[in-house]
Amino acid sequence: MDETNDLMRQRKEKLNEIRDAGIDPYPHKYEPTHTTQGIHEKYQDVNDTPDEKNRVTIAGRIMTKRDHGKSSFAHLQDSTGRIQVYVRRDGVGPDSYLIYRRFDVGDIIGVSGVVFRTRTGELTINVDTVKLLSKSIRPLPEKWHGLTDKQTRYRQRYADLIMNPEVKEVFLKRTQIVQAIRDMLNEQDFSEVETPILQPIYGGASARPFTTYHKTLDQPLYLRIANELYLKRLIVGGYDKVYEFSRDFRNEGMDRDHNPEFTMLELYQAYADYIDVMKLTENLIANTVEKIHGTTKITYQGQQLDFSPPWQRMTMIESIKEHSSFNPETLSEDELYSKAVQAGIELDGNESKGQIIAELFDTFVEDKLIQPTFIYDYPIEVSPFAKKKPENPEFVERFEFFIAGMELGNAFSELNDPIDQRQRFLEQAANLAKGDDEAFMVDEDFLRALEYGMPPTGGLGIGIDRLTMLLTDQYSIRDVILFPQMRPEN
RNA sequence: GCGCUGUUAGCUCAAUCGGCAGAGCAUCUGACUCUUAAUCAGAGGGUUGAAGGUUCGAUUCCUUCACGGCGCACCA
């Protein structure tokens with residue numbers, strides 16, 4: 001590493017000088033009376049004459065420092081913003097001033113003083129007491145260009161957050177989004193629950209899991225790929241409305257909208273079907289957008305998006321008809337297969353009709369769905385937990401919704417027929433045996449739960465990271481995850 | 001996994017056709033009690049991502065590797 005560089009050596013020397021002067025460079029606490037933002041709001045009207053009634057104490061990180069002989073200006077940054085401080089030798093006393101001159105950009109200090117306005121009109125604290133709160137021995141990036149290298153920003157998010165205030169805005173918004181959703185669900189009498197992340201049998205989605213091992217139990221465990229089957233167990237147990245913000249883990253590739261660990265909101269409502277869930281979804285998301293932005297119309301990467309309900313609804317078959325040159329309804333399985341091959345889709349010939357339809361959808365339709373759109377009625381083969389459509393058992397009551405060409409969520413009328421569910425599990429288990437590493441095992445305990453009887457239920461999953469991308473206008477999922485997955489540096 | 005592309009001082013970036021590795025900011029020393037990309041005078045700071053090759057000579061050309069970015073593939 002770069003511990004030997006000159007800048008760090010110099011800072012360590014200053015640290016020792018400060019210690020030698022009898023000052024603790026890492027004291028235990030400090031009691032600010034204000035935040036920088038609070039000062040800007042409260043003291044808008046102060047003039048250039050310092051007045052003792054405008055006394056404040058703040059703590060923050062030195063971001064700029066301009067020393068001029070026996071006085072100095074600096075900007076301190078706290079969690080709410082920045083403010084200028086003016087430190088004079090006559091203000092703090094010669095001993096303190098000498099120590100202050102050993103402070104560097106990056107150091108965290110506390111100051112007390114009186115708010116006034118400088119000759120150039122900037123609100124400033126005229127400091128009379130200064131205290132070192134934490135000595136920084138590693139230099140921050142430069143004040144003007146800041147930190148732009150993506151690798152460093154993702155690996156050292158702490159430095160990114162210090163240097164790039166807009167990054168912090170994104171993550172504060174993420175917090176607000178989650179809070180808005182939580183508030184709305186709580187108002188609607190949903191119960192927030194916690195279910196296992198370490199699961200002996202993974203399921204509820206099609207994905208390769210991460211595997212770990214429990215020594216005492218002497219058995220493998222899987223990091224959840226979904227929490228669906230646990231939440232449905234709770235519906236069996238008598239919860240009518242449950243949800244969980246679930247950190248899920250999928251052992252798959254990473255790209256602009258996939259991170260190996262991500263956050264999914266899953267919710268289940270007894271006695272509802274997927275049409276009810278569609279209404280819930282568009283209202284939940286539209287209200288969230290409105291709470292965050294004050295409107296349901298936002299711009300994402302230059303595209304106007306309108307979240308106001310009702311959203312467009314199309315069956316999967318209709319959507320393929322609209323966005324391709326053929327009508328899948330009128331084609332045989334062989335003809336569909338040919339269309340897929342013509343479109344460049346790689347198939348091994350063992351795919352079912354439903355799998356081919358889903359592939360055609362992915363290729364012809366998905367990236368064209370810019371405005372919020374529900375695509376509903378999915379092939380049964382790709383939907384092992386959804387209820388069949390009464391009039392057509394090849395399809396299930398399932399929808400996904402798409403915005404800006406991204407899949408944002410997935411929902412269905414939950415399959416509650418234990419006999420049918422067992423059959424679907426057996427098909428998955430057969431696929432697993434054939435080498436499909438995204439298929440999953442039979443979950444006997446889940447089947448036992450269904451055998452007790454689960455009410456008709458509507459379920460929903462929403463990708464919170466992707467929703468945050470939309471609402472913060474970020475191109476990459478890595479920009480809405482504080483610590484995105486990276487290869488080790490060395 | 002494939003293709004393209006990047007990696008030079010703490011940070012942001014230059015370096016012509018292969019010819020002494022530079023700037024700004026930051027740092028250090030000195031001056032300076034309303035500055036704000038403070039100013040002025042001076043100084044220090046490099047294994048050019050790593051290893052190898054070609055060459056009298058490589059930041060520059062070639063090979064391999066490491067770590068990013070973008071696209072594709074995989075994947076909901």
Side-chain angles (χ1 to χ4, degrees), chain A residues 1-11 13-14 48 50 63-75 82-92 94 97 102 104-106 116-124 126-127 136-156 159 162-163 204-208 225-226 248 250-260 262 264 344-346 358-359 361-363 366 375 378 382-383 398 400-402 406-410 436-438 461-463 465-466 475-476 478 484 486-490:
Chain A
M1 299 291 285
D2 47 8
E3 273 73 9
T4 54
N5 80 50
D6 257 7
L7 297 175
M8 291 192 66
R9 191 178 44 71
Q10 285 163 353
R11 283 176 176 231
E13 280 167 14
K14 288 182 192 172
D48 55 1
M63 296 305 291
T64 64
K65 193 161 178 265
R66 296 175 292 282
D67 291 334
H68 323 219
K70 299 178 189 62
S71 76
S72 171
F73 288 90
H75 278 98
R82 287 187 184 188
I83 194 160
Q84 180 167 259
V85 297
Y86 180 41
V87 182
R88 287 180 315 131
R89 194 178 67 169
D90 292 350
V92 298
Y97 192 71
R102 310 309 291 156
D104 292 302
V105 169
F116 75 112
R117 204 169 284 281
T118 60
R119 186 183 293 158
T120 51
E122 179 162 351
L123 204 63
T124 300
N126 188 20
V127 174
S136 163
I137 59 168
R138 183 178 291 274
L140 282 174
E142 174 235 336
K143 64 189 172 191
W144 191 242
H145 299 90
L147 178 62
T148 61
D149 179 70
K150 283 212 164 140
Q151 183 163 188
T152 310
R153 292 181 49 205
Y154 295 146
R155 288 189 195 281
Q156 302 183 33
I162 292 168
M163 297 308 298
S206 300
R208 198 186 311 142
I225 59 173
D248 295 340
R250 297 186 182 177
N251 205 338
E252 288 161 357
M254 301 152 62
D255 59 29
R256 137 175 150 74
D257 51 11
H258 293 83
N259 193 65
F262 63 102
M264 176 106 86
I345 299 169
E346 287 178 29
E359 291 286 342
F361 171 80
D362 284 351
T363 301
E366 179 165 353
I375 299 295
Y378 277 57
V382 296
S383 313
R398 173 183 179 187
E400 294 187 320
F401 63 102
F402 297 84
M406 275 194 295
E407 180 201 330
L408 262 288
N410 183 19
D436 177 355
D437 57 6
E438 285 162 23
I462 298 176
D465 311 275
R466 291 180 185 176
Y475 179 75
S476 168
R478 284 186 298 270
M486 303 284 278
R487 283 197 166 83
E489 281 177 82
N490 299 312

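Order of the sequence lines sets the chain letters (A, B, ...), proteins ahead of strands, with each chain counted from 1.
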Roughly how many Å apart are [M] and [N], using the [atom1] atom of each and rounding to a whole number?
{"N": "B:G10", "M": "B:G49", "atom1": "P", "value": "13 Å"}
{"N": "B:C75", "M": "B:A23", "atom1": "C1'", "value": "46 Å"}
{"N": "B:A14", "M": "B:U7", "atom1": "P", "value": "8 Å"}
{"N": "B:G45", "M": "B:A26", "atom1": "C1'", "value": "11 Å"}
{"N": "B:G19", "M": "B:U59", "atom1": "P", "value": "10 Å"}
{"N": "B:U60", "M": "B:G22", "atom1": "C1'", "value": "15 Å"}
{"N": "B:G69", "M": "B:U55", "atom1": "P", "value": "38 Å"}
{"N": "B:A58", "M": "B:G18", "atom1": "P", "value": "14 Å"}

Test salt bridge (charged side-chain N to carboxylate O under 4.0 Å, His left out) applied to A:E400 - qualifying residues, sequence neighbours left out: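 If we apply the salt bridge (charged side-chain N to carboxylate O under 4.0 Å, His left out) test to A:E400, skipping adjacent residues, the hits are A:R398.
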Between CD on residue A:E359 and CD on residue A:E346, distance to nearest 0.5 Å: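 Output value for this atom pair is 10.0 Å.
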Point-to-point distance, once rounded to the nearest 0.5 Å, from NE2 of A:H258 to CZ of A:R256: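 It is 11.0 Å, given to the nearest 0.5 Å.
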I need the [atom1]-[atom2] distance between [X] and [N], as an integer number of Å.
{"X": "A:M63", "N": "B:C11", "atom1": "CE", "atom2": "P", "answer": "15 Å"}
{"X": "A:Q151", "N": "B:G68", "atom1": "CD", "atom2": "C1'", "answer": "4 Å"}
{"X": "A:R208", "N": "B:C75", "atom1": "CZ", "atom2": "C1'", "answer": "8 Å"}
{"X": "A:D436", "N": "B:C74", "atom1": "CG", "atom2": "P", "answer": "14 Å"}
{"X": "A:R82", "N": "B:A37", "atom1": "CZ", "atom2": "C1'", "answer": "12 Å"}
{"X": "A:F262", "N": "B:C75", "atom1": "CZ", "atom2": "P", "answer": "15 Å"}
{"X": "A:E366", "N": "B:C74", "atom1": "CD", "atom2": "P", "answer": "12 Å"}

A:R208: side chain to side chain donor-acceptor pair (under 3.5 Å) partners, not counting sequence neighbours: A:D437
Results of side chain to side chain donor-acceptor pair (under 3.5 Å) for A:D149 - residues two or more places apart only: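 Listed in chain order: A:T152.
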Which residue lies more 5' along RNA chain B, comparing A:P488 with A:E438 via nearest heavy atoms: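 Between the two, 5'-proximity favours A:P488.
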Quiz item: A:D255 side-chain donor-acceptor pair to B:C74 base, under 3.5 Å: yes
Closest heavy-atom pair and its distance - A:L140, A:G106: CD1-CA, 3.8 Å
Nucleotide N/O of nucleotides 31-35 of chain B paired with protein N/O under 3.5 Å:
residue, atom, partner, partner atom, Å
B:C32, N3, A:G69, N, 2.9
B:C32, N4, A:G69, N, 3.0
B:U33, OP2, A:K70, N, 3.3
B:U33, O4', A:S71, OG, 3.2
B:U33, N3, A:D90, OD2, 3.1
B:U33, O4, A:D90, OD1, 2.6
B:U33, O4, A:D90, OD2, 2.3
B:C34, O2', A:R119, NE, 2.9
B:C34, O2', A:R119, NH1, 2.5
B:C34, O2', A:R119, NH2, 3.0
B:C34, O2, A:R119, N, 2.5
B:U35, OP1, A:R119, NH1, 3.4
B:U35, O2, A:R66, NE, 2.8
B:U35, O2, A:R66, NH2, 3.0
B:U35, O2, A:Q84, OE1, 3.4
B:U35, N3, A:Q84, OE1, 2.9
B:U35, N3, A:Q84, NE2, 3.0
B:U35, O4, A:Q84, NE2, 2.6
B:U35, O4, A:T118, OG1, 2.9

Pairing pattern in dot-bracket form [Watson-Crick, G-U; both distances under 3.5 Å; | = partner strand] for RNA chain B: (((((((..((((.....[..)))).(((((.......))))).....(((((..]....))))))))))))....
Would you tabulate the nitrogen or oxygen pairs shorter than 3.5 Å linking the protein to nucleotides 21-26 of chain B?
residue, atom, partner, partner atom, Å
B:G24, N2, A:E142, OE1, 3.2
B:C25, O3', A:K143, NZ, 3.4
B:A26, OP1, A:K143, NZ, 2.8

Proximal nucleotide (of B:C11, B:C70, B:G45) relative to the A:L147 side chain: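 The closest nucleotide is B:C11.
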